[in-house]
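Positions are given from 1 along the sequence.
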Amino acid sequence: MSSPTSADVQTHPAEQDDPMQGTRHEEDGEGEDEGEGEGDVLMGPNVTDDSSEEGEDDEDEARRIREGFIVDEDEDEEEEDDEEERRKRRKRRKKGHRRRQEEEEGLEDEDLELLEENTGASFKKNRRLTRLRRGRDSDSPGTSSSKHRAVIESSDDDLDNDDGLPQVQDIQRIWDDDRGRDDEDDDGDMDMDDFIEYDEEDEGGVVMDEEAREERRREKKQEQERRKKARGARPELAGIDANAWDEIHDVFGDGHEYDWALEADDEIQYDEDNLKPEMRYQDVFEPSEIRKRLLTEDDDLIRAQDIPERMQLATSSLSSSSTLSLHTQLTDADLGGAAMWVTQRLSNRKTREFFSPDGIHQHLKGALVMAVTFALRYLFVEEFEVPYIWTHKRDYICYFDVNDIRARTELLTLAELWRIYALGQKYRSLHERRRALTASYERLKQKDDYFEDEIQPQVDSVEVVADATEWLAMKYKDQKQAESDFHFHDDEEPEATKRRKMPSRISAYEVTKKSIVSKLAQGFGIEPYQVVLNFMGSNKIHFVEDQELNPIVFAEQFGDSDPAKLRSPEELLRRARMILSTELGKDPLLRNQMRKLFQEEARISVEPTERGMTKIDEHSHYFNFKYLYQKSIQDMLDSTQFLKILLAEAEHLVTVSISLPPDAKASFERRLNDAFASDSFSDAARAWNEERSRVIQDVLDQHLMPAGVKWTREYIREEVEDYLAGRCGLELRKRIDVAPYLAPDMVLGETASVLAISWGKGDPHKDAITLVCIDEAGRLREHTKIDNLYDAEMVEEFIDLLKRRNPNVIVIGGFSVATLKLANLVKKTIGGSSTQNDEENGWGNPPPPSNGQTFNIPVIYVHDHVARIYQHSKRAAAEFSALSPTAKYCVGLARYTQSPLNEYAALGVDITAIAFEEDYQHLVPTEKLLLAFERTLVDVTNKIGVDINRAVADTYYQHLLPFVCGLGPRKAQVLVKKIGSLGGNLVNRDQFIKGGLLTTKIFLNAAGFLRISQDHESKPTKNRLDDDMAPDPLDDTRIHPEDYELARKMATDALELDEEDIHDEHPSHVVSVIMQDDENEKKLSELNLDEFAISLYEANHDQKRHTLNLIRDELLKPFAETRDPFLIPSAWDVVTMLSGETPHTLRIGLIVSVLVQRIKNQFISVRLDSGIEGVINSEYVADQVPNKIHDVVSKGQAIPGVVIDLKFQPEQDSFLVELSSRPADVSAGDGAFRRVRHDDCWDHARFEKDQEILARKKRAEVDRTRRVIKHPNFHNFNTGQAEAYLEKQQRGDVVIRPSSKGVDHLAVTWKVDEKLYQHIDVTEPNADPTGQMVGGQLIVDSTHNYADLDELIVNHVQAMARRVEELMAHEKYKHGSEDELHLFLKNFLAANPAKSMYGFTLNRKRPGHFSLCFLANKNSAVQTWVC
């Protein structure tokens, strides 16, 4: 350790503050005891020495800092005061850190005594010294000892003046001990290596003014000058001689031993000086919970970017695993290629109508391409969603003829816009892969004209990209390897690490390509890529260089000189053909041609497996394609059949084969042969052409055909999945693109109040009737239960509810057919009469008494798919936790009646649980279904618009907001929060931008679909022109803000006003006037919109004809209802909802089981298993009409019946099935009705052949006689059953059983040992034809004949069993297998070389025999005999 100099230890005058002690304080009792005496830095009341309290202080400070990030303008002055206070508090805390460090670094008494002993100097105990730190730049102990740190003191004002301060890179390290070590003052007046830290308290504990601070700085500067001179002196002048210095060096070292600790000290101090890290939700919540709440970093990025949310996602926003899409945006330069690529794949109908020579719109193909280009630009460059284009830019996707403006042709439909969006995403992915392919090629640093001129321009699919990548890797693998091995001579050699040897990845092609055989392949006279160019060109442009020699003779020249490696010419030619076939088979252009051929001509065939032949019968839903034969690929794309075929294949019931028609394959092969063959007629040329023909055959069989089959399989699957997902989306559209239920006395646009009633499962002893009343806004108003509807008290309660709530409609729902009886009772109660004249009601009681009151309230059924899901959902539990599941079900029914769209939108990912395609929907991947459902929800939501103020206030209605154009779950979430922070209500659409609620692009997408409701009936008020908070009637229309001026212009013209008339008024005042004008329809219809559209087009090429129509419609009826009327369920829908029966399970001709309920004179009342009522008229009870039906059937009896008629009348609350139980009808069966119809492409020959095989097997089973022999050991077992029976028996036990060889044979099975059984074939020459007796002679073989079974068992089987027991008891018998016996013999002779040894064991391959093994000596082989 360095020694202190005399300057360091000299005392200061008493009247001067001691920098080693700090200022003494007498206040609050401080400094009274010795522990707080001299040398201690005393702190104010807000500063404590307790480290635990310091942590709390830091937390409070961090909290204050976090809370101070957002301030209001009126709090500026308070914030400045708080900031001043915090700055002072931080300074005091820094001093506390330094004081504790000084205490830790203070010299102990032993150190002081040692210094006095070695230096002779005296150190007062009250003089507080610190340990000196070694400077980084010190060169010797002497120089190190003379360096001290200067003390820097500054005020807040000084922080702005850098003249007198050291240059510190990080302001956070201003309090570090190491500050200034590497920097020196410009004056050179101090060295910052080591210093004694001084207290920075103001003198006397009072605040010093600027003059006093300046005086203090001058004094300190003089002190530093004195110390500087002292540091320049030798150690001897400081009172330390050289010997003493050496001793100090020996004891304390040179000061570098603990540098590592000092550095760690600095880091700890730095960590303490920094505020504690702010707690983040990632530190508290599980990652899955963070993803669920949309709080991941990706979610934050999606919220922040000015891009529609759905365009930022790689999957549907409904998916729980939606991820951020990392695509590259298309540019205007990419649109030309994208438009052509997309247009060609839009649809077969578009291709036929616009691009065929005889297409009806062939003259508009250019306009179609322009429309697609416009759509792609707005979708992928401008980033507008499909609903925006369809609503506000539809003029640009229609053909607009200026000369004949009425002749407008719609070029693209809404579905085709979504198709363009999907294809555009694929093209964008293809574009990125193209760039990656180009980059890979450029890294090769090779010049390949064929790749650049032929392959690159034709890369039009991801498959071609993959093929081209593989082709480059195959062709330039050596160059890539050489590039990776390239290094300079001075590069460091990598350390050799032991690695497990990996299997060789070098193919036979690569090995052969590097051999001399590649020269032989060149002898074919043409390069593979030239063959491909000949194949694709209309004319042959590359010709073969013929060889004069025969292929065999030519191949002999390439034989190896080494006889051991010599190959035959035929083998060499085979390898040369392999090189050429591989290069041709890997060519990207040729493979693409094969894919196109498969896409147009492929045929699909199906064959059943051995298991499928018996499993798939005529009633199986797989029977339709069991023997499918050569079905065209075009017929496959428009049905779900292929997905069912793949499902059956996964169950190992069928095998699928994809092939080409023989003529199509032959044509392709012939063209390829012509491109490869020589035109010469010599014998050698013909021989070479035969070799080339073999190459082409290998190309097709080994490369092109397998690749085409694999691609076709995936292509059909993808197309059929998209087709089926689209069908599900269309079915969803039918259910949600409907208006709310409208009662007869309601006006279009109103929402009905609903009373939903359900009896649950309909058990009168368990289930009560649940009633839920929902008002027009979807709020629960009343919920009650009643036991029945026949007690007067219950009926009165029900009537009172109707009077009190006066619902517009009553909705009935339930989970059983008993719901029909409930509906009938409700209609009786509210109408005073019944539509069904039953003697008893659903509870087995007389009808309720007439109350004399009637209500004109319709009673209906509605689809309950959503309600069934809602009743058990977390959403229902959160909204109505106190309600029963049945009551929640009623809430779902009522809300569905008010808005089917809202109910489906609220489902989220659970929407896939609803079956829109009963039999096939599960075959589509969930992500594709969610994408189709999301697009449908987006279309319909933007069609009707969303009231933004209602969405902020109503969490249920808020479910629609994510489907607004431009928004999504994340952006809708943050939008609601922002509006809520502004008061929860918007006045006009301008606030979206001026209030920072939406970014520009999102606003442009969503503005026309976010409505701000206003009272159009009120008298228009005049607002100032510059009133930003004035409501705008256009904000409650579908008109986009960019078209507001057009709307105002149309309103002004319709009112025949001049600009001067509305100069000082709000721009939209005229809109309010025209909306409330009684003759607005007449005035607006008088406008010549065609001429207006032409003038707009001529002025600035704006196409606004459709927009003008939209504006006119909105001025007349803002956000008018354009959806279809509410969809009432069909009869079959109600049957399925209440009973579960479908047209597949209940139709005429099927036989069903029914239970007899009541027996009348003319009919029998029955009930099906599903609960549906049925009736059997007397003439259908028996073949002969009985006198009394009771003689034929009885009550409670279950009987089969044939369905002869279905009478479903939900309006009359009646489901009735007529049946016949006549034995003649039932015995005929229903096979003909249940039989599945086979496909038109059917392999009848194979079907008949397999049917014959199955029939033959069935006859064989029937013809096999079951013998019944009266003997205790006889059993009708087969081989497996006999062995299983004997497994638990003793050795020697026997089973006698029938033989598969015929009725004149018997089989005898006896147990030789564990899992070893001998089967003996016994012949009966005089067998009993009936199989009841055993013949008088039983022949085992030529030497063993027996008279009966007992003699056979005793004299043959048991005799063998006794002999086996004797041999197994012999000392030379060894248990186990023959191999184990061999090992025993070898081990024995290894221990006893002079001996020979034998042993025997059971022969497992020939039960009943033994293997005798002998080993003569240890060098000989084991000899074995079977006996």
* Is the number of heavy atoms from other residues, nucleotides or ligands within 6.0 Å of CG (D1183) greater than 12? -> yes

* Can you tell me if NE2 on H922 sees more than 12 non-hydrogen neighbours from other groups inside 6.0 Å? -> yes

* Asked: Salt-bridged, R727 to E731, with N to O below 4.0 Å?
  -> no

* **N856 CG: over 12 foreign heavy atoms closer than 6.0 Å** => no

* To do: Not counting sequence neighbours, list each pair that qualifies as a salt bridge (Lys or Arg N to Asp or Glu O under 4.0 Å) and has a residue in residues 1124-1135.
  => none

* Answer with yes or no after comparing the ring centroid distance for F815 and Y889 against a 6.0 Å cut-off, counting only values under it. => yes

* Structure fact -> What one should report as the nearest heavy-atom pair of G1174 and L1219 is CA-CD1, 4.1 Å

* **Pair Y861-W1132, ring pair (Phe, Tyr, Trp, His ring centres under 6.0 Å): steps then yes or no** => CA-CA 12 Å; Y861 298 96; W1132 263 115; over 10 Å; no

* To do: Indicate the ring-plane relationship of F916 and Y904, choosing parallel, tilted or perpendicular according to the 30° and 60° boundaries.
  => tilted

* Asked: Does a side-chain N-to-carboxylate-O contact under 4.0 Å join R1246 and D1250?
  -> yes

* Answer yes when E718 and K928 have at least one side-chain N-carboxylate O distance shorter than 4.0 Å, and no when they do not. => yes

* Do we see a donor-acceptor contact under 3.5 Å between the side chains of Y622 and E651? -> yes

* **Heavy-atom closest contact (G1149 atom, D1230 atom, distance)** => O-CB, 3.3 Å

* Structure fact -> Given the options K644, K631, K626, D1239 meets salt bridge (Lys or Arg N to Asp or Glu O under 4.0 Å) only with K631

* Could you go step by step and tell me if L825 and Y790 meet the side chain to side chain contact (heavy atoms under 4.5 Å, CB included) rule? -> CA-CA 8 Å; L825 285 169; Y790 65 88; 6.0 Å; no

* **Smallest separation among heavy atoms of I830 and F798, with atom names** => CG2-CE2, 3.8 Å

